[in-house]
Amino acid sequence: MKITFFTHSTCLLEIEKIYLLVDPFFSENPIFKKNTSLLNDMIFQFHKVDYILITHAHYDHVCDVEFFARKLNSIIISNYEISNFFEKKGLKTYGINYGSFISFPFGKLKYVWAVHSSVFDDGTYGGNPGGFLLHTKRGNIYISGDTSLTKEMSFIPTFGKLKVSILPIGGIYTMDIEEAIIASNLLQCNKILGVHYDTFESIKIDKKQAIKKFSENGKELFLLRMGESIRI
């Protein structure tokens, strides 16, 4: 299983030659607004995206969903409200909600709790924010989405041991570094891919200090460069 980080909370998961794009944020991203050639390099390297996972409706997680879904004929997986929003645009969707695992060709997927908010830029209600618990033959991944620290994270390991957790660490709108360490303890997971940091001035972090703090707590924090991957 391969996870490639692009920017903010945008990741691409490759599982048995099936590609899942999480929360695509390129065209409105301040990083790319300053460098359109870099933007083109990024978005046109995607030749296959089978599924798009959306955690919630904020623009920094959905602004490029329609572009990729139309270009690559992807299936959008999100909560009922977000799925319905994109279905009305003529896109293929699979609406879910907090509940059981659902089987897909890449494995089993469960929509799980997140403590945040969720609304589209036009004011349309985006339903309850969430994360994804993904169980595959290659191992299990937790994608928290934007969230604060929540006790419900302690339930995640009861479904199966995690290989890696993808957690926000920038603070202000989500957990910060210290809270993400507590979350990793609740999750019983020692490998963390940090996301949702440095994109905006308000969520800048000291990356060396963050890695050190996780290490001091027996955890490995991955802070990947744009386009860099890990295999688990």
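Taking hydrophobic clusters as Ile, Leu, Val, Met, Phe, Trp and Tyr residues chained together by side-chain heavy-atom distances below 4.5 Å, F104 does not share a cluster with L91. L223 and V22 fall into different hydrophobic clusters, where Ile, Leu, Val, Met, Phe, Trp and Tyr side chains are chained together by heavy-atom contacts under 4.5 Å. In the hydrophobic cluster analysis, where Ile, Leu, Val, Met, Phe, Trp and Tyr join through side-chain heavy atoms closer than 4.5 angstrom, I181 is grouped apart from L193.
Using modelled atom types, one finds a donor on one side chain and an acceptor on the other under 3.5 Å when comparing S117 with H58. No side-chain N or O of T174 forms a donor-acceptor pair with one of D146 less than 3.5 Å apart. A side-chain donor-acceptor contact under 3.5 Å links N190 and K219. Side-chain contact of S229 with T4: a donor-acceptor pair under 3.5 Å is present, judged by distance alone. For the residue pair N35/S37, the side-chain donor-acceptor check at 3.5 Å is satisfied. Checked by atom type, the side-chain pair T10/D23 shows no donor-acceptor distance below 3.5 Å.
Taking all atoms of both residues into account, the shortest heavy-atom contact from S78 to S83 is O-OG, 3.1 Å. The minimum heavy-atom distance linking I15 with M1 is given by the pair CG1-CG, 3.7 Å. Closest heavy-atom contact between M175 and S148: CG-C, 3.4 Å. Of all heavy-atom pairs spanning S118 and I82, the tightest one is OG-CD1, 4.3 Å.
Of the options H8, H196, H61, a ring-ring contact (aromatic ring centres under 6.0 Å, His included) to F25 is made by H8 and by none of the others. When each of D64, T7, L39 is checked for a side chain to side chain contact (heavy atoms under 4.5 Å, CB included) with N29, only T7 meets the rule.
More than 12 heavy atoms of other residues, nucleotides or ligands sit less than 6.0 Å from atom OH of Y98. The environment of Y173 atom OH is sparse: at most 12 non-hydrogen atoms of other residues, nucleotides or ligands sit within 6.0 angstrom. More than 12 heavy-atom neighbours from other residues, nucleotides or ligands sit within 6.0 angstrom of NZ on K71. Within 6.0 Å of CD in Q45 there are more than 12 heavy atoms belonging to other residues, nucleotides or ligands.
Remark: side-chain polar atoms of N217 are paired, donor with acceptor, to backbone N or O of K213 under 3.5 angstrom. No donor-acceptor pair under 3.5 Å is formed between the side chain of T55 and the backbone N or O of G131. The main-chain N or O of R138 is found under 3.5 Å from a side-chain atom of T136 such that the two form a donor-acceptor pair. Judged purely by atom type and a 3.5 angstrom limit, N79 uses its side chain to pair as donor or acceptor with the backbone of G126. Using a distance-only test at 3.5 Å, with no hydrogens or angles considered, a donor-acceptor pair links the side chain of E179 to the main chain of D176. Within the 3.5 Å criterion, the main-chain N or O of F155 finds a donor-acceptor partner in the side chain of T158.
Looking only at side-chain heavy atoms (C-beta outward), I166 and F5 stay at 4.5 Å or farther from each other. Between W113 and T150 the shortest side-chain heavy-atom distance does not fall below 4.5 Å. Within the 4.5 Å cutoff, no side-chain heavy atoms of I203 are placed close to those of D198. Residues F32 and M42 are in side-chain contact: their nearest non-hydrogen atoms beyond the backbone lie under 4.5 Å apart. Taking the side chain as every heavy atom from C-beta outward, K161 and Q188 never approach each other to under 4.5 Å. In this structure, I52 and P24 have side chains that are in contact, with non-hydrogen atoms separated by less than 4.5 Å. At least one side-chain heavy atom of L13 sits less than 4.5 Å from a side-chain heavy atom of I141. The closest side-chain heavy-atom distance from I77 to L109 is below 4.5 Å.
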TODO: Verify ring pair (Phe, Tyr, Trp, His ring centres under 6.0 Å) between F6 and F46, making sure each step is shown before the conclusion.
DONE: CA-CA 12 Å; F6 288 96; F46 289 88; 5.0 Å; yes
TODO: Before giving the answer on side-chain contact (heavy atoms from CB on, under 4.5 Å), spell out for R70 and K89 the whole-Å C-alpha distance, their side-chain angles and the decisive distance to 0.1 Å.
DONE: CA-CA 10 Å; R70 291 197 189 283; K89 293 177 176 285; 3.8 Å; yes
Open item on the list: Set out, in order, the CA-CA distance, both residues' side-chain angles and the distance that settles side-chain contact (heavy atoms from CB on, under 4.5 Å) for I76 and V65, then state yes or no.
Closed with: CA-CA 8 Å; I76 298 164; V65 169; 3.6 Å; yes
- [ ] Apply the test side-chain contact (heavy atoms from CB on, under 4.5 Å) to residues V164 and I192: give CA-CA distance (whole Å), side-chain angles for both, the deciding distance (0.1 Å), then the verdict.
- [x] CA-CA 6 Å; V164 66; I192 306 300; 6.0 Å; no
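Contact check on K137 versus E16 returns no salt bridge, with no Lys/Arg side-chain nitrogen under 4.0 Å from an Asp/Glu carboxylate oxygen. With respect to K48 and D50, a salt bridge is recorded, a charged nitrogen being found less than 4.0 Å from a carboxylate O.
Between F26 and F67, the distance from one ring center to the other does not fall under 6.0 angstrom.
With F159 as the aromatic partner, K110 meets the cation-pi criteria of under 6.0 angstrom to the ring centre and within 45 degrees of the ring axis. Relative to the six-membered ring of F101, K108 meets both conditions, a distance below 6.0 Å and an angle of at most 45° to the axis.
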